Amino acid sequence: MAKELKELTKRADNYSQWYNDLIVKADLAEQSAVRGCMVIKPYGYAIWEKMQQQLDKMFKETGAQNAYFPLLIPKSFLSREAEHVEGFAKECAVVTHYRLKTNDAGDGVVVDPNARLEEELIVRPTSETIIWNTYKNWIQSWRDLPLMCNQWCNVMRWEMRTRPFLRTSEFLWQEGHCAFATREEADANAKLMLKVYAKFAEEWMAVPVMQGVKSETERFAGALDTYTIEAMMQDGKALQSGTSHFLGQNFAKAFDVTFLNKENKPDTPWATSWGVSTRLIGALIMTHSDDNGLVLPPRLAPIQVVVIPLGKAEQVAAVEEKLNPVIEQLRALGISVKLDDADNKRPGFKFADYELKGVPVRLVMGARDLENGTIEVMRRDTLEKESVPFEGIVERVKNLLEDIQQNIFKKAVTYRDAHIYECDNYEEFKEKVKDGGFFLCHWDGTAETEAKIKEETQATIRCVPFRIRTDTRRGYGIRKTIKVPRAHCT
RNA sequence: CGGGGUGUAGCGCAGUUGGUAGCGUACUUCGUUCGGGACGAAGUGGUCGCCGGUUCGAGUCCGGUCACCCCGACCA
């Protein structure tokens, strides 16, 4: 074990390899035997649960409610919206039969050819279609609006190439689907949800994000506008971390959803959909981690404080007696504390292991501290440790957690801002973009230019940022956009 | 779907011109350790991806097949 973990201390030449190793060694997830899928292990899932908890709270504050819709979608639903089907058709898993039978040799099972479904079912790649098919029955009057539902579920997209957390065939996410009476309300909702995601990313994940609008090429299949938050990973590449779509009336029309408005006239509702996935865990890992392993933001760390008593059995008992009230008090403050007094692992191993797992604060106490009335505190973000008076340790730990949360966010902002460049010259851009980072550039708004840039430089347009979207300084009506050399995913 | 690669113990790998299946690590037991990834001793664990062929004999040679990985293409 020790040797295996030591390998991690040398960052691999290949950033992707380093990322994959980290996930396995920190006990977050492992590759499934099923192609392109991932097994999320308890420690990794605990992070997801903390994210879910907070996001769910934030969604409910906007008026959304949780619901659940079926996993299987009739094939015909998908084709109701032309762009939507075109976008997703290539990556759908399809259910064609509903029964197996024993094979002729009697030593296995085969698909029963007599059990073919009349209409094939798609394993949901996203749920717009089945939800809007349901909304048809739920929406009759302007009084039924707005209708705001969210579901926590899994989806499946048969991706050619997969990477843990960033793009797996099956992944966990949340998808919100809202219906409004007016265009303005819907667009405002799409923007509001993006703000919610941005707030969550920055305040909880400590991941700074750029907010903006996707280009037409990168837009969600079936949407009029896709709003996105883009984070910068430590290799200078972008990661799309959440999207919120203004769907217009496309899905409402495709599924014949109408309502009677206040004037007693038939009207068509306006839609939004918004989602974030377990990819957020990938963002977390790639934003903060260092060569010692994960660095988790205290607000999302499953274990916020680990307490390690040192010495032989009798000494540990004496130390624990002193520590127990402190642990109680920390827990009373809502801080999750793990006491690791296992006697089958040496302290050095425990230290390294909790660093690998990104536990923000470590408290260590032994016979020496007991004598001196001190305790050792280590913070994961800077790896600094100091011996402090035992008195007031609870308050100190509480403040330290908050300090770490702020510090890693600041660090991420500093890194990102140091890699954002403004560029007015295409030749200069072509040269500089090779090293990664975000580039604020001009763009004539056409897909041709976008494709050309991608071909010549591998850079993609991540978004047109909100704050400088309508920059027309140069008189061409040209908008500033962010481009990065390569994205981790789109 | 193209180009390349790999399948041998839980994981990482070696296996020479064909001759009894190996190493590291993990795991189990015992002992000594324990303030930064301990050490010693003894153990457990494998139809060598699968099917067929050549041979007295195949992890090794030949044919087929399956799976996975990497690079492309693709990727809301």
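Residue numbering restarts at 1 for every chain, and letters A, B, ... go by the order of the sequence lines. The shown structure was predicted, so the numbers you read here are calculated from the model rather than taken from an experiment.
Base pairing annotation: B:rC61 forms a Watson-Crick or G-U wobble pair with B:rG53, both donor-acceptor distances under 3.5 Å. Both distances falling under 3.5 Å, in either a Watson-Crick or a G-U wobble arrangement, place B:rU25 opposite B:rG10. In this entry B:rG40 has B:rC30 as its Watson-Crick or G-U wobble partner, both defining distances falling under 3.5 Å.
In this model, the phosphate group of B:rA38 is approached by a side-chain N or O of A:Arg346 to a distance below 4.0 Å at OP1 or OP2.
If you measure from atom CG of A:Asn20 to atom C1' of B:rC70, you get 12 Å, rounded to the nearest angstrom. For the pair A:Glu159 CD and B:rC69 C1', the interatomic distance rounds to 18 Å; values are reported in whole Å. Here B:rG36 presents its P atom at 21 Å from CG of A:Asp291, a figure rounded to the nearest Å. What separates CG of A:Asn344 from C1' of B:rG37 is a distance of 14 Å, to the nearest Å. The distance from atom NZ of A:Lys357 to atom C1' of B:rG37 is 14 Å, rounded to the nearest whole Å. The CG atom of A:Asp341 sits 17 Å away from the C1' atom of B:rG35 (whole-angstrom rounding). At whole-Å resolution of the value, NZ in A:Lys454 and P in B:rC74 are 7 Å apart. Residue A:Arg163 contributes atom CZ, which lies 9 Å from atom P of B:rC70 at whole-angstrom precision.
A:Glu128 comes within 4.0 angstrom of nothing in the nucleic acid, heavy atoms only. Note on A:Gly366: a base of the nucleic acid sits closer than 4.0 angstrom, heavy atoms only.
The aromatic rings of A:Trp204 and A:Phe200 lie parallel to each other, their planes meeting at an angle below 30°, with 60° marking the opposite boundary.
Nearest nucleotide to the A:Arg362 side chain, out of B:rG36, B:rC75, B:rG37: B:rG36. Comparing B:rG35, B:rG36, B:rC75 against the side chain of A:Glu91 picks out B:rC75 as the nearest.
Comparing the same atom, P, in B:rC66 and in B:rA26 gives a spacing of 39 Å after rounding to whole Å. B:rG59 and B:rC48 have their C1' atoms separated by 5 Å, given to the nearest Å. Going from the C1' atom of B:rA67 to that of B:rG15 covers 23 Å, rounded to whole Å. The C1' atoms of B:rG4 and B:rU8 are separated by 22 Å, rounded to the nearest whole Å. Straight-line distance between the P atoms of B:rU25 and B:rA41: roughly 12 Å, to the nearest whole Å.
Between A:Lys350 and A:Asp341 there is no salt bridge, since none of the side-chain N atoms of the basic residue sits less than 4.0 Å from a carboxylate O of the acidic one. The pair A:Arg380-A:Glu355 fails the salt-bridge criterion, with no side-chain N (NZ, NE, NH1 or NH2) lying under 4.0 Å from an Asp/Glu carboxylate O.
A cation-pi arrangement is present between A:Arg362 and A:Phe351, with the terminal nitrogen or guanidinium carbon under 6.0 Å from the aromatic centre and inside a 45° cone about the axis. Judged by the 6.0 Å distance and 45° axis criteria, A:Lys214 is not positioned over the aromatic ring of A:Tyr227.
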